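One structure below.
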Number of protein chains: 2
Amino acid sequence: MEDFYQKCAEHGLKITPQRRIIYEELMRAKDHPTADAIYKRVRRKLPNISFDTVYRTLHLFSEIGIAKLVEGYGEDRRFEPNLDQHHHFRCLKCHAIYDFHCDSYDELPLPEVVRKYGLVVGKRVVLEGICLKCRK
Amino acid sequence: MEDFYQKCAEHGLKITPQRRIIYEELMRAKDHPTADAIYKRVRRKLPNISFDTVYRTLHLFSEIGIAKLVEGYGEDRRFEPNLDQHHHFRCLKCHAIYDFHCDSYDELPLPEVVRKYGLVVGKRVVLEGICLKCRK
DNA sequence: TACTATATAGTAATCATTCCTATTTGTCAA
DNA sequence: TTGACAAATAGGAATGATTACTATATAGTA
Ligand SMILES: [Mn+2]
Ligand SMILES: [Mn+2]
Ligand SMILES: [Zn+2]
Ligand SMILES: [Zn+2]
C-alpha cells in the first residue's frame with residue numbers, strides 16, 4: 001500500500017476509492033487475473049464501478065510500475081513455423097519476435113519447486129528488450 | 001513440404017490449394033505472423049481466399065503438429081501483482097499460471113547471438129505443462 | 001465419370017478491448 | 001472550510017480479432 005500512495009504522488013495521480021480497492025484486489029490475487037476477473041471481485045465492494053475504470057486503472061498501474069502485464073497475453077495470436085527447440089527475443093516496442101538457439105538454455109535443470117505444480121512438458125527462455133530498429 | 005503431405009494423410013485431411021499455399025507462406029515466414037498477416041500474403045496467390053479459411057487452417061496446422069501457436073498470445077490480457085524477479089509455470093489445459101523462484105534461472109548468461117537483435121532488459125523462463133488439478 | 005464427405009467463401013455473431021462524453025470528485029489555494 | 005477546476009468515473013458505444021454458420025464447391029475415391 002506504501003508503493004501505491006508513493007507512486008500515485010510521484011505521477012500526480014489522485015487517490016480514489018476505485019483505485020485503492022482495485023490495487024488491494026490485485027495485490028491479493030494469486031492467479032494473474034484478467035481485467036474482468038478483477039472487475040468481478042471489486043464489484044463486491046463497489047457495486048457501481050464500471051468495467052472501463054477497472055480496465056484503465058490496471059493498465060495505469062502497469063505504466064507507473066506497481067503492477068505488470070503478463071508478457072505476450074492480450075496481443076493477437078501469432079503462429080510459429082519453427083518446430084525445433086528454440087527461444088525468443090521479444091521487442092517491447094514493436095513486438096517483433098526473433099528466434100535464437102542456445103544449448104545451455106535447452107538443458108536447464110528443472111527446480112524441485114515446480115514439482116508441486118504439475119508435469120512439465122516444455123521449457124522456454126524469453127528475453128525481452130528493445131530491438132535494434134527501435135533503438136533508432 | 002514432406003511433413004505437410006504426411007501429416008495431412010495421417011489425419012485424413014484433404015490436400016487443397018488453399019492449405020498448400022497457406023503452409024508454404026507460413027514456412028517462409030520469419031516473423032511469427034498473425035492469421036491476418038498470412039491472409040494478406042496468401043491473397044497474392046489466391047485472391048478469393050477467405051480470412052476464415054486462413055484462420056481455421058493455421059489452427060488446424062497447429063493441431064496436427066506442423067505449426068505452433070506462440071505461447072500466451074491471443075489469450076486475454078492478464079495482470080501481475082508480483083514485481084519480484086520470478087518465473088512461470090503455465091498449465092496448457094486450464095491456463096493457470098504459477099509463480100516460482102529460481103536463483104540459477106535469474107543468473108542465466110545471455111548468449112552472444114542475441115546481441116544482434118537488441119538490448120535485453122528482462123529475462124524469464126517459462127515452463128509449460130499440465131497442472132496437478134488437470135491431471136485429475 | 002459420378003458420388004460423397006470435406007472444405008471453402010462469404011457473412012454474421014461474439015467478445016475483449018478501447019474510445020467517448022456528461023457527470024462527479026479529489027486536490028489545492030483562498 | 002469552501003470554491004474552482006483539472007482529473008477521474010460511469011455508462012454506453014465503437015472497434016477489431018476471433019469464432020460460428022451455411023450454402024456452394026471440391027478432393028478423393030470407385
Ligand atoms: Mn519462434
Ligand atoms: Mn507471476
Ligand atoms: Zn522493435
Ligand atoms: Zn491446469
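Just so we're on the same page: letters track the sequence lines, and every chain starts at 1. Values in this document were obtained by computation on a predicted structure and should not be read as measured data. All values below were derived from every heavy atom in this structure, side-chain atoms included, with hydrogens, water molecules and symmetry-related copies excluded.
Residue contacts for A:R77: at a heavy-atom cut-off of 4.0 Å it reaches the sugar-phosphate backbone alone, with no base atom in range. Within the 4.0 angstrom heavy-atom criterion, only backbone atoms of the sugar-phosphate kind lie near B:R19; the bases stay farther away. Nucleic acid contact for A:P17: sugar-phosphate only, since backbone atoms but no base atoms lie under 4.0 Å from a heavy atom of the residue.
A donor-acceptor contact under 3.5 angstrom links the side-chain atoms of A:D52 to the base of C:dC19.
In terms of position along DNA chain D, the nucleotide closest to B:H59 lies nearer the 5' end than the nucleotide closest to the other residue of the pair B:T16 and B:H59. Where B:S50 and A:Q18 each meet DNA chain C at their nearest nucleotide, the meeting point lying more 5' is that of B:S50. The nearest heavy atom of DNA chain C to B:R78 and to A:R56 marks one nucleotide each, and the one closer to the 5' end goes with B:R78.
The neighbour count for A:R28 CZ, taken as heavy atoms of other residues, nucleotides or ligands under 6.0 Å away, is above 12.
Here the CG-CG distance, from B:L26 to B:L58, works out to 6.0 Å after rounding to the nearest 0.5 Å. Distance check, rounded to the nearest 0.5 Å: CG of A:L127 to CD1 of A:I97 gives 12.5 Å.
Judged by distance alone, the side chains of B:E2 and B:Q6 never bring a donor and an acceptor atom under 3.5 Å apart. There is no side-chain donor-acceptor pair under 3.5 Å between A:H87 and A:D99. Looking only at atom types and distance, the side chain of A:H32 has no donor-acceptor partner in the side chain of B:N82 under 3.5 Å away. Using modelled atom types and a 3.5 Å distance limit, the side chains of A:R43 and A:Y39 yield a donor-acceptor pair.
Atom-to-atom, CG of B:L46 to P of C:dA7 comes out at 17 Å; the value is rounded to the nearest Å. Atom CD1 in B:I21 sits roughly 14 Å away from atom C1' in C:dT8 (whole-Å rounding). Residue B:I15 contributes atom CD1, which lies 15 Å from atom C1' of D:dT29 at whole-angstrom precision. Remark: C1' of D:dC5 and NZ of A:K14 are 8 Å apart, rounded to the nearest angstrom. Separating the CZ atom of B:F51 from the C1' atom of D:dT18 is a distance of 7 Å, rounded to the nearest angstrom. In this entry the distance linking OH of B:Y39 with C1' of C:dT8 reads 12 Å, nearest Å. Following rounding to the nearest Å, A:D76 (CG) and D:dT15 (C1') show an atom-to-atom distance of 13 Å. For the pair B:H11 NE2 and C:dA7 P, the interatomic distance rounds to 12 Å; values are reported in whole Å.
Proximity of residues 24-36 of chain A to DNA chain D (heavy atom under 4.0 angstrom from any strand atom) is not detected for any residue. Using a 4.0 Å cut-off on heavy atoms, none of the residues of residues 61-69 of chain B approach DNA chain D.
In this structure, B:D31 pairs ionically with B:R41, as a charged nitrogen and a carboxylate oxygen lie closer than 4.0 Å. A salt bridge does not link B:D3 to B:K7: none of the charged nitrogens lies less than 4.0 Å from a carboxylate oxygen.
Taking the six-membered ring where the residue is Trp, B:F61 and B:F4 present perpendicular rings, their angle passing 60° and hence far from 30°.
Distance from the side chain of A:N48 is smallest to D:dG11 among D:dT9, C:dT8, D:dG11.
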